[in-house]
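Reading through the structure tokens given below for one structure.
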Amino acid sequence: MTIGAIPTTEDSSWATRGACVGMDPDGFFVQGAEQHTVKVACGACPVRTECLADALDNKVDFGVWGGMTERERRRLLRRNPDVSDWSAVLRRASQEVVGS
């Protein structure tokens with residue numbers, strides 16, 4: 001998956017529908033306070049959950065993915081070592097929030 005790449009062919013994957021498609025990919029690999037700005041850009045992304053699930057499932061070590069920094073993702077992974085399908089977990093959590 002390449003953040004920021006403009007698709008040259010019809011692709012239905014979540015990565016081509018992200019709010020970040022036209023953004024500079026290097027902007028997602030920043031440190032400190034700059035990460036907050038990037039996380040805000042993820043806020044209204046239509047594929048935020050898919051992006052985060054992919055990063056968690058693949059234990060991506062660097063960058064902001066799905067609105068979470070690497071530190072936040074590591075903490076989530078440590079707290080939930082038995083999760084093997086983050087997409088299902090995040091989808092279930094989303095449904096619970098909507099159903100509340």
Side-chain angles (χ1 to χ4, degrees):
M1 200 265 335
T2 305
I3 291 179
I6 297 173
T8 56
T9 60
E10 181 79 15
D11 186 351
S12 61
S13 74
W14 65 264
T16 62
R17 298 186 321 270
C20 61
V21 168
M23 298 172 72
D24 178 12
D26 291 337
F28 289 86
F29 299 92
V30 293
Q31 297 291 319
E34 292 179 48
Q35 289 180 328
H36 177 70
T37 303
V38 176
K39 287 172 57 170
V40 169
C42 295
C45 182
V47 294
R48 180 179 178 179
T49 301
E50 291 90 337
C51 180
L52 178 56
D54 187 66
L56 291 167
D57 285 341
N58 293 298
K59 296 179 178 48
V60 177
D61 290 330
F62 301 103
V64 174
W65 294 83
M68 291 184 84
T69 66
E70 58 268 12
R71 179 178 284 173
E72 293 167 331
R73 291 192 311 276
R74 278 194 305 267
R75 185 176 336 134
L76 190 58
L77 289 167
R78 272 194 314 270
R79 290 180 180 169
N80 300 279
D82 297 329
V83 174
S84 61
D85 181 2
W86 280 98
S87 182
V89 170
L90 294 173
R91 193 171 35 255
R92 210 170 27 254
S94 176
Q95 290 170 347
E96 289 173 5
V97 169
V98 172
S100 297

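Asp57 is linked by a side-chain hydrogen bond (donor to acceptor under 3.5 Å, both in side chains) to nothing, counting only residues two or more places apart in sequence or in another chain. Ser87 is linked by a side-chain contact (heavy atoms from CB on, under 4.5 Å) to Ala53, Asp85, Arg91, counting only residues two or more places apart in sequence or in another chain.
Nearest approach of Phe62 to Trp65, heavy atoms of both residues: O-NE1, 2.9 Å.
Applying the salt bridge (Lys or Arg N to Asp or Glu O under 4.0 Å) test to pairs two or more places apart or on separate chains, none has a residue in residues 73-83.
In this structure, Leu90 belongs to a hydrophobic cluster whose other members, linked by side-chain heavy atoms under 4.5 Å apart, are Leu52, Leu56, Met68, Leu76, Leu77, Val83, Trp86, Val89.
Between the Asn58 side chain and the Val60 main chain, no donor and acceptor come within less than 3.5 Å of each other.
Rounded to the nearest 0.5 Å, atoms CG (Asp54) and CH2 (Trp14) are 4.5 Å apart.
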Please output the side-chain donor-acceptor pairs of residues 34-47 that fall under 3.5 Å, not counting sequence neighbours, one pair per line with the distance.
unit_1, atom_1, unit_2, atom_2, d
Gln35, NE2, Val30, O, 3.1
Gln35, NE2, Glu70, OE2, 3.4
Lys39, NZ, Glu72, OE1, 3.2
Lys39, NZ, Glu72, OE2, 2.6

